[in-house]
Amino acid sequence: MGILYLLFLATCAISAIVGLLAFYFTRSSKSMPKTFSELKSEIHWQYHGVRGLIEDTILKRNNRVDLFDNEGKVAVITGGNRGIGLRVVEKLLKCDITVIMGVRNPEEAKENVERLVDIDSIKGKIYYEKLDTGSMHSVRKFANVVQSKFPKINILINNAGIMASPFKLTEDGFESQFAVNYLGHFLLTHLLLPQLKAAGTKEFNSRIVNVSSCVHLLGKINFDDIHGKEYYYPPVAYNQSKLAQVIFTRYLQKILNKNEDNNIQIYAVHPGVVDTDLFCHSSTTYIPWFKKLFFKTPEEGSRTVTYAAISPRLEGKGGSYLSNCTLVKISSLAKDLSLGEKFFKFTCSMLDIDDFFRP
Ligand SMILES: NC(=O)c1ccc[n+]([C@@H]2O[C@H](COP(=O)([O-])OP(=O)(O)OC[C@H]3O[C@@H](n4cnc5c(N)ncnc54)[C@H](OP(=O)(O)O)[C@@H]3O)[C@@H](O)[C@H]2O)c1
């Protein structure tokens with residue numbers, strides 16, 4: 001039965017790829033592949049998406065998180081007003097964790113939470129603060145507000161993200177996916193490090209969770225044209241931003257481990273292939289039935305993220321990458337510590353950070 005289902009899934013997925021490619025040439029808002037290399041990137045991307053769907057099916061039983069009382073803990077999450085983040089917020093609140101949501105529109109976030117979250121099951125408190133992870137000025141402002149209210153932060157979830165968006169430079173002159181998905185979170189982690197250090201103990205380390213993606217495996221860091229000014233293909237820029245998060249995860253944990261007083265663990269997570277608005281620049285928008293049938297729901301997508309944030313089973317396993325609440329294969333580029341060091345310094349200089357450990 002299981003094999004038949006997988007075969008069925010694979011057949012549907014292949015038909016979908018063909019259908020999607022056809023759609024690319026007609027109705028989608030996504031950039032069309034214009035060269036052979038872009039077509040190759042596109043096919044690799046879709047293939048990885050299908051692999052992700054199959055992995056989600058195979059590891060479905062592992063995709064579980066036990067919620068338990070974490071009274072007194074404080075979590076910061078970027079995004080969280082919709083999609084996977086909203087369901088992570090719901091789970092954290094159920095654990096009696098105080099949650100600070102960094103969102104572009106706090107009013108709208110409040111409305112969404114009150115409308116979509118099961119308020120009766122909630123114990124924790126919630127705060128809505130303004131944050132645009134694509135603006136380094138906004139990240140600094142948000143960090144100031146958080147620091148002034150909370151001397152200790154137990155959990156930081158770097159969740160906000162955009163995927164395959166058309167080429168755009170932010171107000172800081174950074175490519176938008178790289179800025180929103182990676183640079184804003186790198187800066188936020190740097191600024192909140194003292195509060196994370198203050199909250200961590202030997203028994204329960206503070207946690208940083210970088211919500212990455214399985215397509216980080218396709219990513220490359222293009223040091224010569226990091227913002228895609230000379231060449232830009234949206235999925236390639238997304239892969240780069242998601243690989244950047246995993247390299248950061250791995251390398252930061254390595255440095256933090258050098259000082260045994262740093263009780264902080266950092267994880268990267270693939271939430272699964274999840275039916276959310278993230279796919280707005282994808283042709284899957286035109287086949288909602290496919291997403292409904294095969295993609296995870298946002299609730300299912302929130303489980304691995306929450307698991308990385310609270311599960312005692314992950315103590316001491318910082319620097320790792322998870323999918324379906326299971327430790328899985330990481331890109332070989334992320335394991336390369338000399339690349340990690342080079343990229344870490346490169347990012348610090350881009351953001352004018354003299355010493356990452358002294359905000
Ligand atoms: N869905 C999947 O299959 C999948 C797979 C792998 C990885 N992921 C990752 O999971 C994370 C969550 O994605 P999702 O699927 O939940 O997508 P989503 O439903 O589109 O939600 C994205 C979230 O990011 C926020 N956001 C976007 N740009 C922002 C900015 N500049 N500043 C602050 N917040 C911003 C959005 O807030 P607004 O409402 O203000 O736009 C929203 O809360 C992303 O990092 C994504 O890359 C998702």
Side-chain angles (χ1 to χ4, degrees), residues 45 48-53 55-56 76-90 101-113 116 128-139 141-142 157-165 168 170-172 174-185 187-188 209-219 234-235 237-246 268-282 284-285 290-291 294-306 308 321-324 328:
W45 214 53
H48 256 76
V50 173
R51 272 185 60 169
L53 283 174
E55 184 181 278
D56 288 349
V76 173
I77 181 166
T78 65
N81 51 312
R82 59 191 171 92
I84 297 166
L86 180 67
R87 296 301 159 199
V88 173
V89 167
E90 182 176 34
M101 286 167 67
V103 287
R104 286 194 283 195
N105 186 338
E107 282 305 311
E108 189 190 272
K110 189 166 186 284
E111 272 170 33
N112 276 0
V113 170
L116 299 169
Y128 307 90
E129 301 293 347
K130 201 165 173 55
L131 169 68
D132 176 351
T133 59
S135 154
M136 300 310 125
H137 174 67
S138 169
V139 172
K141 251 175 110 172
F142 172 73
I157 303 180
N158 291 322
N159 159 77
I162 50 173
M163 181 173 82
S165 44
K168 191 178 148 210
T170 64
E171 63 191 26
D172 304 289
F174 304 143
E175 186 279 311
S176 64
Q177 295 187 76
F178 195 62
V180 171
N181 299 350
Y182 171 63
L183 289 174
H185 290 134
L187 181 60
L188 185 61
V209 182
N210 286 321
V211 184
S212 178
S213 165
C214 63
V215 295
H216 89 274
L217 289 162
L218 295 173
Y238 182 72
N239 300 345
Q240 174 177 260
S241 72
K242 291 290 152 182
L243 172 64
Q245 289 183 296
V246 183
V269 161
H270 167 60
V273 183
V274 187
D275 184 5
T276 67
D277 298 338
L278 192 76
F279 291 84
C280 65
H281 298 295
S282 152
T284 53
T285 312
F290 185 82
K291 294 202 287 180
F294 296 116
F295 286 20
K296 280 182 178 173
T297 62
E299 188 284 314
E300 289 166 328
S302 71
R303 294 182 195 172
T304 307
V305 182
T306 313
Y321 167 71
L322 295 106
S323 166
N324 290 293
V328 292

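For ligands, and for the atoms within them, numbers begin at 1 and follow the listed sequence. Residue numbers start at 1 and run along the sequence shown. Because the structure is a prediction, the values reported are computed rather than measured.
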Contact between Val269 and Asn210 at the side-chain level, heavy atoms closer than 4.5 Å - yes or no? no
Is Val89 close to Ile77 at the side-chain level, that is, under 4.5 Å between some pair of heavy atoms? yes
Shortest non-hydrogen contact between [X] and [Y], atoms and distance:
X	Y	result
Pro298	Gly83	CB-O, 3.8 Å
Pro271	Val305	CB-CG2, 4.3 Å
Val273	Gly52	CG2-C, 3.9 Å
Gly301	Ile84	O-CG2, 3.6 Å

Heavy-atom distances under 4.0 Å decide this one: backbone, side chain, both or neither, for [X] against ligand 1?
X	value
Val180	side chain
Lys296	neither
Ile84	both
Met163	neither
Tyr238	side chain

Around [atom], find the nearest protein heavy atom and jot down its residue, atom name and distance.
atom	result
atom 13 (O) of ligand 1	Leu278 CD1, 4.0 Å
atom 12 (C) of ligand 1	Asn159 OD1, 3.2 Å
atom 42 (C) of ligand 1	Asn81 OD1, 3.6 Å
atom 24 (O) of ligand 1	Gly161 N, 3.2 Å
atom 41 (O) of ligand 1	Arg104 NH2, 2.5 Å
atom 21 (O) of ligand 1	Arg82 NH1, 4.0 Å
atom 2 (C) of ligand 1	Val274 N, 3.5 Å
atom 32 (N) of ligand 1	Thr133 N, 2.9 Å

Measure the distances from the heavy atoms of [X] to every atom of ligand 1 and state whether one is below 4.0 angstrom.
X	result
Gly272	yes
Val211	yes
Phe279	yes
Val103	no
Leu131	yes

Centre-to-centre under 6.0 Å for Phe178 and Phe174, is that the case here? no
[X] neighbourhood, listing ligand 1 atoms whose heavy-atom distance to it stays under 4.0 Å:
X	value
Ile162	27 (C), 28 (N)
Gly80	43 (O)
Asp277	19 (O), 20 (O)
Asp132	30 (C), 31 (N), 32 (N)
Gly83	16 (O), 19 (O)
His270	6 (C)
Gly79	43 (O)
Gly134	31 (N)

Exactly one candidate in Arg82, Met101, Glu108 meets side chain to side chain contact (heavy atoms under 4.5 Å, CB included) with Val113; the answer is Met101
Tell me whether the rings of Phe295 and Phe279 are parallel (<30°), tilted (30 to 60°) or perpendicular (>60°). tilted
Pair [X]-[Y], side-chain donor/acceptor within less than 3.5 Å:
X	Y	answer
His185	Thr78	yes
Ser241	Asn181	yes
Asn81	Asn112	no
Asn324	Asp56	yes

May I ask you to decide whether Glu90 forms a salt bridge with Arg87, counting only side-chain N to carboxylate O separations under 4.0 Å? yes
Name the option, out of Ser176, Ala160, Ser212, that contains the heavy atom nearest to atom 34 (N) of ligand 1. Ala160
Derivation of the side chain to side chain contact (heavy atoms under 4.5 Å, CB included) call for Ser212 and His270: CA-CA 5 Å; Ser212 178; His270 167 60; over 6 Å; no
Distance (rounded to the nearest 0.5 Å) between Ser135 OG and Leu183 CG: 12.0 Å
